[in-house]
Amino acid sequence: MTDEQSRTYVEQAFARRDRLTPDEVAELRPYVEAGLAGLDRGELRAAWPEGDTWIVDAYAKQVILLSFLTHPNLMAQSGPGRPRTYDKVPLKFETWTADDFEKSRLRVVPGAVVRYGSHIAPGAVLMPSFVNVGAYVGAGTMVDTWATIGSCAQIGQRCHISGGAGIGGVLEPLGEQPVVIEDDVFVGARCEIAEGVRVRAGAVLGMGVYLGRSTPIVDRASGAVSYGEVPPNAVVVPGSRAVAQQPGLSLAAAVIVKYADERTRGKTALNDLVRD
């Protein structure tokens, strides 16, 4: 089959996933494995940039969801510091050799858990953290200690995802856009970004910023309020916004206090030494 025929085969199988026979599930497995391999290599993505927008590819999510049907739970290898796991999705580095790591130019610190079917681009650094299936982590990005990258989340190049930050994932609904963190973004410690929010290139999120689709993003200088997208180079901190209909009550908000300048960049600059 051609790639297009394989895609059609998977899409048709997904449409009748609750009616597939055991033989059909067995026939489907090689196509699902090929899709997972494409996600793992970064050739297939749950969303990709096109001009100034991001295009969602529901096929990528179909592959992941069908893998829960076509693959049984298996016990993974264990060793010192590696407890037993029993899962349908193997770990990304389960079979890697030292040569594989050298070629990939990755640095993976003990405690980093990465599921197969996620793509980690060259030069990335993974501290003890979790990266879920379908995620994409760009070149030179640091995923710091106890940070989590959810299924299908898209992380750009040269980003820093600080300690304890949570980048939400999305598998359902199929057409839903995942969280997108574009290039050169700094995400502060304990931030939470979910519900398909897009953080545009060069933005800086201070510690503890929570962003969902319904979170108002207030520009302090202009008073403008937006939702679901942080502008390029915006410096954002947590804040609150009064509820006009109920005096004395306020709701959480994100506040743009300024736009990144050289002083800001000096504070958030990446250190090439940790990526060598």
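The chain is numbered in sequence order, starting from 1.
- The neighbour count for Lys88 NZ, taken as heavy atoms of other residues, nucleotides or ligands under 6.0 Å away, is above 12.
- By the rule that hydrophobic residues join a cluster once side-chain heavy atoms approach within less than 4.5 Å of another member, Val197 and Leu205 end up as members of one cluster.
- A single hydrophobic cluster is seen to contain both Val10 and Leu171, as judged by linkage of ILVMFWY side chains at heavy-atom distances under 4.5 Å, directly or through other members.
- Proximity of Tyr116 to Glu94: side-chain heavy atoms (C-beta onward) are nowhere separated by under 4.5 Å.
- For the atom pair NE2 (His160) and CD1 (Ile181), the distance works out to 13.0 Å, reported to the nearest 0.5 Å.
- At a threshold of 4.5 Å between non-hydrogen side-chain atoms, the residues Leu20 and Leu69 count as touching.
- No more than 12 heavy atoms of other residues, nucleotides or ligands sit less than 6.0 Å from atom CH2 of Trp146.
- Nearest heavy-atom pair across Gly164 and Arg190 is CA-NH1, 3.3 Å.
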Check the pair Arg16 / Glu24 against salt bridge (charged side-chain N to carboxylate O under 4.0 Å, His left out), numbers first and verdict last.
CA-CA 11 Å; Arg16 50 189 298 273; Glu24 288 174 323; 3.1 Å; yes
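- The side-chain heavy atoms of Arg17 and Leu66, taken from C-beta on, include a pair separated by under 4.5 Å.
- When all heavy atoms are compared, the tightest approach of Val236 to Ala254 is CG1-CB, 3.6 Å.
- For the pair Lys92/Ile120, a side-chain contact is recorded, criterion being any heavy-atom separation below 4.5 Å from C-beta on.
- In this structure, Val218 and Arg241 have side chains that are in contact, with non-hydrogen atoms separated by less than 4.5 Å.
- Heavy-atom minimum distance, Ala252 versus Pro216: O-CD, 3.6 Å.
- Atom NZ of Lys103 is separated from atom CH2 of Trp96 by 11.0 Å, given to the nearest 0.5 angstrom.
- Taking the six-membered ring wherever Trp is involved, the centroid distance between the rings of Phe93 and Phe101 falls below 6.0 Å.
- Between atom CD1 of residue Ile193 and atom CD1 of residue Ile167 there is a gap of 4.0 Å, rounded to the nearest 0.5 Å.
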Given side chain to side chain donor-acceptor pair (under 3.5 Å), test Asp40 with His119 step by step and report yes or no.
CA-CA 5 Å; Asp40 199 77; His119 179 68; over 6 Å; no
Step-by-step salt bridge (charged side-chain N to carboxylate O under 4.0 Å, His left out) determination, Asp100 to Arg105
CA-CA 9 Å; Asp100 293 322; Arg105 295 192 290 114; over 6 Å; no
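- Heavy-atom minimum distance, Ala165 versus Val187: CB-CG1, 4.0 Å.
- The distance from atom OH of Tyr31 to atom CD of Gln62, rounded to the nearest 0.5 Å, is 15.5 Å.
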Carefully, step by step, assess Leu28 and Glu33 under the rule side chain to side chain contact (heavy atoms under 4.5 Å, CB included).
CA-CA 9 Å; Leu28 177 62; Glu33 289 181 342; over 6 Å; no
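- Tyr227 places none of its side-chain heavy atoms less than 4.5 Å from the side chain of Ile217.
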Evaluate side chain to side chain donor-acceptor pair (under 3.5 Å) for Asp3 paired with Ser6, printing each intermediate quantity in order.
CA-CA 5 Å; Asp3 289 345; Ser6 295; 5.3 Å; no
Decide yes or no on side chain to side chain contact (heavy atoms under 4.5 Å, CB included) for Asp144 and Ile161, but give the supporting numbers first.
CA-CA 6 Å; Asp144 219 330; Ile161 312 300; 6.0 Å; no
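- For residues 208-219, the set of pairs meeting the side chain to side chain donor-acceptor pair (under 3.5 Å) definition, not counting sequence neighbours, comprises Glu176-Arg213, Asp219-Tyr259.
- Going from atom OG of Ser226 over to atom CD1 of Ile256 covers 5.5 Å, rounded to the nearest 0.5 Å.
- Leu36 and Val63 make their closest contact through N-CG1, 3.6 Å (heavy atoms, listed as atom of the first residue, atom of the second, distance).
- In this structure, Leu174 is a member of the same hydrophobic cluster as Phe68, with clusters built from ILVMFWY side-chain heavy atoms closer than 4.5 Å.
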Which donor-acceptor pairs under 3.5 Å do the side chains of residues 122-136 make with protein atoms, sequence neighbours left out?
{"unit_1": "Ser129", "atom_1": "OG", "unit_2": "Met127", "atom_2": "O", "d": "2.7"}
{"unit_1": "Asn132", "atom_1": "OD1", "unit_2": "Arg115", "atom_2": "NH1", "d": "2.8"}
{"unit_1": "Asn132", "atom_1": "ND2", "unit_2": "Ser151", "atom_2": "OG", "d": "3.1"}

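- Between the side chain of Gln246 and the backbone N or O of Ala244 there is no donor-acceptor pair closer than 3.5 Å.
- Salt-bridge formation is not detected for the pair Arg200/Asp183: no Lys NZ or Arg NE/NH1/NH2 atom is positioned less than 4.0 Å from an Asp or Glu carboxylate oxygen.
- Following chains of ILVMFWY side-chain contacts shorter than 4.5 Å, one cannot reach Val209 starting from Val180, and the two form parts of different hydrophobic clusters.
- In this structure, Asp87 and Leu74 have side chains that are not in contact, with every pair of non-hydrogen atoms separated by 4.5 Å or more.
- The distance from the CD atom of Glu229 to the CG atom of Leu211 is 11.5 Å, given to the nearest 0.5 Å.
- In this structure, the side chains of Leu39 and Ile64 come closer than 4.5 Å at one or more pairs of heavy atoms.
- A donor-acceptor pair is defined here as one N or O able to donate and one able to accept, closer than 3.5 Å; no such pair exists between the side chain of Thr141 and the backbone of Val137.
- Connection of Met207 to Phe186 is not established within any shared hydrophobic cluster, with ILVMFWY side chains joined at heavy-atom distances below 4.5 Å, either directly or through further cluster members.
- Across Pro178 and Val56, no two heavy atoms sit closer than the pair CD-CG2, 4.2 Å.
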